[in-house]
Amino acid sequence: MEGHVVDYRVVKHPKEFYSLEPGHDWMRPDQDTPIKGLTLAGDYTKTSNFATMESAVESGEIAAKIVEDEMTKSAL
């Protein structure tokens, strides 16, 4: 039958994903770190989205802004 789901898989990685339950967002680090020159980016970092591709893009944009701001400050 064309167009019908005949099989599926649920892949779970409980140790590789933070809990979506309330109170667990603290596990996601900010993009800015206290280590000079180290900026994080990825779906696991703190964004307004869950850990998704959209979150990874948002994180990259935040990280790029942080790097840009640091470069501007050092040029002054």
Side-chain angles (χ1 to χ4, degrees):
M1 296 171 107
E2 189 174 328
H4 290 80
V5 176
V6 294
D7 197 7
Y8 69 93
R9 299 281 186 275
V10 175
V11 179
K12 295 183 180 184
H13 297 280
K15 302 226 185 266
E16 296 179 14
F17 192 80
Y18 74 98
S19 176
L20 298 177
E21 294 178 7
H24 285 81
D25 203 39
W26 64 269
M27 300 171 101
R28 299 174 79 183
D30 291 322
Q31 290 76 22
D32 199 11
T33 70
I35 301 170
K36 184 177 180 171
L38 177 63
T39 305
L40 304 176
D43 65 345
Y44 65 94
T45 61
K46 197 172 290 186
T47 66
S48 63
N49 294 302
F50 295 123
T52 60
M53 287 192 297
E54 291 82 1
S55 178
V57 170
E58 181 182 351
S59 177
E61 290 173 344
I62 294 168
K65 179 70 173 139
I66 291 168
V67 171
E68 180 182 45
D69 291 347
E70 286 178 357
M71 292 180 71
T72 302
K73 286 178 191 175
S74 66
L76 297 177

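- Residue Ser55 comes nearest to Thr47 through the heavy atom pair OG-OG1, 2.8 Å, listed as atom of the first residue, atom of the second, then distance.
- Cluster partners of Met71, by chain and number: Val67. The rule joins Ile, Leu, Val, Met, Phe, Trp and Tyr whenever side-chain heavy atoms lie under 4.5 Å apart.
- Residue Leu76 shares its hydrophobic cluster (ILVMFWY side chains chained together at separations under 4.5 Å) with no other residue.
- Within the 3.5 Å criterion, the main-chain N or O of Leu40 finds no donor-acceptor partner in the side chain of Thr45.
- Looking at every heavy atom in both residues, Lys46 comes nearest to Asp30 through CD-OD1, 3.5 Å.
- Judged as a side-chain hydrogen bond (donor to acceptor under 3.5 Å, both in side chains), the pairs with a partner in residues 61-76 (not counting sequence neighbours) are, in order, Lys65-Asp69.
- Legend: residues meeting side-chain contact (heavy atoms from CB on, under 4.5 Å) with Ala41, ordered by chain and number and at least two apart, are Ser59, Ala63.
- Other residues sharing the hydrophobic cluster of Ile66, ordered by chain and number and joined by side-chain separations under 4.5 Å: Ile62.
- No donor-acceptor distance shorter than 3.5 angstrom exists from the side chain of Gln31 to the backbone of Gly60, with no hydrogens or angles considered.
- Shown here are the side chain to side chain donor-acceptor pair (under 3.5 Å) partners of Thr39, two or more places apart in sequence or in another chain: there are none.
- To the nearest 0.5 Å, atom CD of residue Glu58 and atom CG of residue Asp43 are 11.5 Å apart.
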